[in-house]
Every structure is written in C-alpha cells, then in structure tokens.
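See below for the structure under consideration.
These figures come from a predicted structure and were not determined experimentally. The chains referred to below are lettered A, B, ... by the order of the sequence lines, with proteins before strands, and numbering in each begins at 1.
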Amino acid sequence: MIELILGKYNYWIYITLMMIGFYAMISKNNLIKKIIGMNIFQTAVFLFYISIGKVSGGTAPIVWDGAVRYENPLPHVLILTAIVVSVSTTAVAFALIIRINRAYGTIEEDRILEINRQGTGE
Amino acid sequence: MIDLVMLFLLVVCALVAIHIKDLLGSAVLLSAYSLIMAVVWTRLNAVDVAFTEASVGAGITTVLLIAAISRTARGEELMPRARHVLPGFVIIVVTAAVLIWGTLDMPDFADPNAPANLHVAPRYIEHSAEETGVINMVTAVLASYRGYDTLGETTVIFTAGLGVILLLRGRKR
Amino acid sequence: MNMRVSIIRRVVSRIMIPFMQLFGLYVIMHGDSGPGGGFQGGVILGASIILYALSYGLDSARQRIAEKTSDILSSTGVFIYAAVGLVCMLIGGKYLQYNVLPIGEPHFASHIGILIIEIGVGITVAAVMITIFFETARKDERVEK
C-alpha cells in the first residue's frame, strides 16, 4: 500500500489540479472564470505529460559529457508545442468573450441565456 | 520534499484562483500558478518547457487576461448557483475516481523502464546530436524529426492571430 | 486602456526594453545549444513591445510598430518555415530535410536549416503576440465607431 502511494501520489495531485480546473469550467457562471479553469486544466495535463518523461537520475536533455541518463525529450517537445497552442486558444477565447460582452453587455452565462430566451420568446 | 511543497502550493493557488470573486485577483493567482508550474518543470528537468511556461503562461496569458478583464467586467456576479454546484461536484468526483483508477495500472513515477521511455526516445537521445548537428535534443526533435508538427503549430499561432484580428479589429474607416 | 504615463515606469522600461530584446534574440539564436528556441525568444521579443505599450500607451507603441508591419511579419515567419521545406524539396531532398541544403557538409547544413526555421518561428510568434495584445487591449470606442 505504502509503495503504491509513493509511486503514484504525483499523479493523484495532478488529477486534483485537473479536477479543480474542470470544476471551474463546468460550474462557474463567469466566462473569464471558465477560461481560467481551462488554463489550470491544460497546465495540469501538461504536468502529467512531463512527469511521464521523467527518468530517475536523468539530466536535462542537452548533450553533456557527464550525463548518465537523459530525460525523455519527446514529452517535452509535445508539451512545448501544446503550451503555445494553449495561449493561442486562450487569446481567441478572450476575443470571443470581448465580442460577447459587446453584444450582450454581460459575461455571465445565466444572463446571456436569459437574454437569448427573451429574444426567442418575443 | 520541496517538490511536495511546490505541488501543494499549486493546488492552493488553483483553488483560490477559481474561488475568489475578484477576477483581477484570479489573474494574478493564475500567474503565480504558472510560475510555480515553471519551477516544478525545472525540477523535472524539462528546462525548455519551463522556459516556455514562464514566458507564455506567467507573462503573456496574464497580460491578455488583465486586458480582457479591463474591457469586460472586473467582478464575478454573486448569483444563486446552488443548482450548479452539486452536479458539478458529482461529475468531478466521478471523473477523478475513474482517472485515479486508471493510474493504478501506470508505471511508477520516474520509472526508467516505463514503456513511454523505451521506444522512440532512446533513438532520439543516442543519434539526434550526430544526425542534426544540434546538441539540445528538444530543439532537434522539435525542428528536425518532428518538423511537420512545428510547422503546423506555427500555422496554428498564425491562425489564432488572424482570428483575433477578425473578431476584434473594426472595419477601416 | 487609458493610462497615465508615469515617469518611473517610462524610465525603467526604457532601460529594460533593449536588454529584453537582446535576450530574446539570444534565446532564438541559441536554441540549438541550450534551453530556448523560436517560441520562447519570440514571446520575449513580443513582451518587450508589450512592455513599451504598457508604459508609453498603445498609440505611441503603434507608431513604433505599425499595424501593417506586425500583420505582415506574422505571415512572414510561417512563410520562411514553409519556404525552407520547399527549397529542400527543390534541391532533391524530402520536405524539411535540411541536410541537403547547399551550405557545406550535411551536419552543418542541418544545423543552419534548424536555425532558419527557428528564426521563422520567432518572427511569427513575436508578431502574433504583439497583434493579439494590441487587439485585446484596444479601447472599445475606436472599434465601435
């Protein structure tokens, strides 16, 4: 049991982080809060990937004479790409939120749905 | 030990960032979260990734977040949200349970013999320097072995820029 | 964003911006031998312009780097990247096979090829970050008119 916890507790903390972000995405009313949750979720997934590439006793994947073992460079490459894509999606999301705010005057999901309902009811 | 402290700080930052009502405070906490994340990645020896997170996550994202808040609303409205809380909570508990169940079959943290470290990576580690003439393996894989990925990704950034221009730039007068 | 231009902010950013840009260029050019590369360097270059805009105001920053310039630069980087691939193909290699480039021995050619595409990535990332910031931080009135 102790071995199981020692070997896996990192993953469990990452899952906690993911769930915090996930909760903000599904339960928060404010659109900007949802994006903050999305960022937390994304970063937790990245952390999970990076930790898969961790090798005990490894050094940073830059060729060096004294190195015994290197970390796995592949997850690093994938996540490097993913971080830049995540800032792109965040930027587009903010652009959409600014447009929504201009059209509806609010960024609360409930209000927006209410306004939409009134619009179709009339 | 320091790793555990860092991970604990991450959880605290994330929780407070989604809990407080002042969005500007959330933005600052998200920035702190990113910066701590960069430190954690440095501890995991992912230096390139940590560098990117420190400049992109803690820098640009925060600036964009603050700019977006300044153009919309600073505070989160207090609304009767009891009906949101319970289903959301149930969903995350179930998802977390499934994910934790999934980790039970995974190799332990930092296991050198994990399948993820045995297939393509050794080839990159042994031959990338002589094949590409670049000693940083991450750059070698990024630009040479997986050059198509990076081209696609640069296009994604370009497309994001285009999308923002189309959404926010007014018509020329 | 309507900001008062404070003297402290102006002086400190004037001192910092050249070093930030120098560091950004250093990071782009040394992505092959240390942590860094096109993305990080591009973001730092973009951040230096954003700092300028934050301390001197958006209009003043737009005089330094025009809307048109950053728009053109953001597509130039992608073009450089794709063009390197095409040149490799025209010479007889595969798409993005840098070691066929006619710049000396394959080892060196590959190194140079990687450097060129890193520069392309850096240009695009810097220009797009600047564009995104300016569009997000712009005053509403100007757009809605």
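- Considering only heavy atoms from C-beta on, B/Ile60 stays 4.5 Å or farther from C/Ile132 through its side chain.
- Within the 4.5 angstrom heavy-atom criterion, atoms from both the backbone and the side chain of B/Val56 approach chain C.
- Across C/Thr136 and B/Ala67, no two heavy atoms sit closer than the pair CG2-CB, 4.0 Å.
- Inspection of non-hydrogen atoms places B/Ala129, B/Glu130, B/Glu131, B/Thr132, B/Gly133 of residues 111-133 of chain B under 4.5 Å from chain C.
- At most 12 non-hydrogen atoms from other residues, nucleotides or ligands lie less than 6.0 angstrom from CD1 of C/Ile8.
- A distance-only check finds no donor-acceptor pair linking the side chain of C/Asp32 to the backbone of B/Val134 [under 3.5 Å].
- The choice from B/Leu151, B/Leu64, B/Thr155 that makes the most heavy-atom pairs within less than 4.5 Å of chain C is B/Leu151.
- Near-neighbour residues of residues 6-16 of chain B relative to chain C, defined by a heavy atom under 4.5 Å from a heavy atom of that chain, are none.
- For residues 42-49 of chain B, the interface with chain C (any heavy-atom pair closer than 4.5 Å) comprises B/Val47, B/Asp48, sorted by residue number.
- Contact of C/Ser75 with chain B is made through backbone and side chain together, with heavy-atom distances under 4.5 Å.
- Contact of the B/Leu166 side chain with the C/Glu135 side chain is not registered, since no non-hydrogen atoms from C-beta on lie closer than 4.5 Å.
- Counting only distance, with no hydrogens or angles, the side chain of B/Arg71 and the backbone of C/Arg138 share a donor-acceptor pair below 3.5 Å.
- With no hydrogens or angles considered, no side-chain donor-acceptor pair links B/Ser55 and C/Gln40 at under 3.5 Å.
- The contact list for residues 110-122 of chain C toward chain B, using heavy atoms and a distance under 4.5 Å, reads C/Ser110, C/His111, C/Ile114, C/Ile117, C/Glu118, C/Val121 by residue number.
- Within the 4.5 Å cutoff, side-chain heavy atoms of B/Phe51 are placed close to those of C/Ile44.
- The choice from C/Gly37, C/Ser74, C/Ser70 that makes the most heavy-atom pairs within less than 4.5 Å of chain B is C/Ser74.
- At a 4.5 Å heavy-atom cutoff, C/Phe108 makes no contact with chain B through either its backbone or its side chain.
- Counting heavy-atom pairs closer than 4.5 Å to chain B, the top-ranked of the candidates C/Phe39, C/Tyr81, C/Phe134 is C/Tyr81.
- Distance check, rounded to the nearest 0.5 Å: OG1 of C/Thr124 to CD of B/Glu153 gives 10.5 Å.
- When B/Ala68, B/Ser144, B/Ala54 are compared by the number of non-hydrogen pairs under 4.5 Å with chain C, B/Ser144 comes out ahead.
- Heavy atoms of other residues, nucleotides or ligands lying less than 6.0 angstrom from OH of C/Tyr95 number more than 12.
- Counting heavy atoms from C-beta outward, B/Val164 and C/Thr131 have side chains that stay 4.5 Å or more apart.
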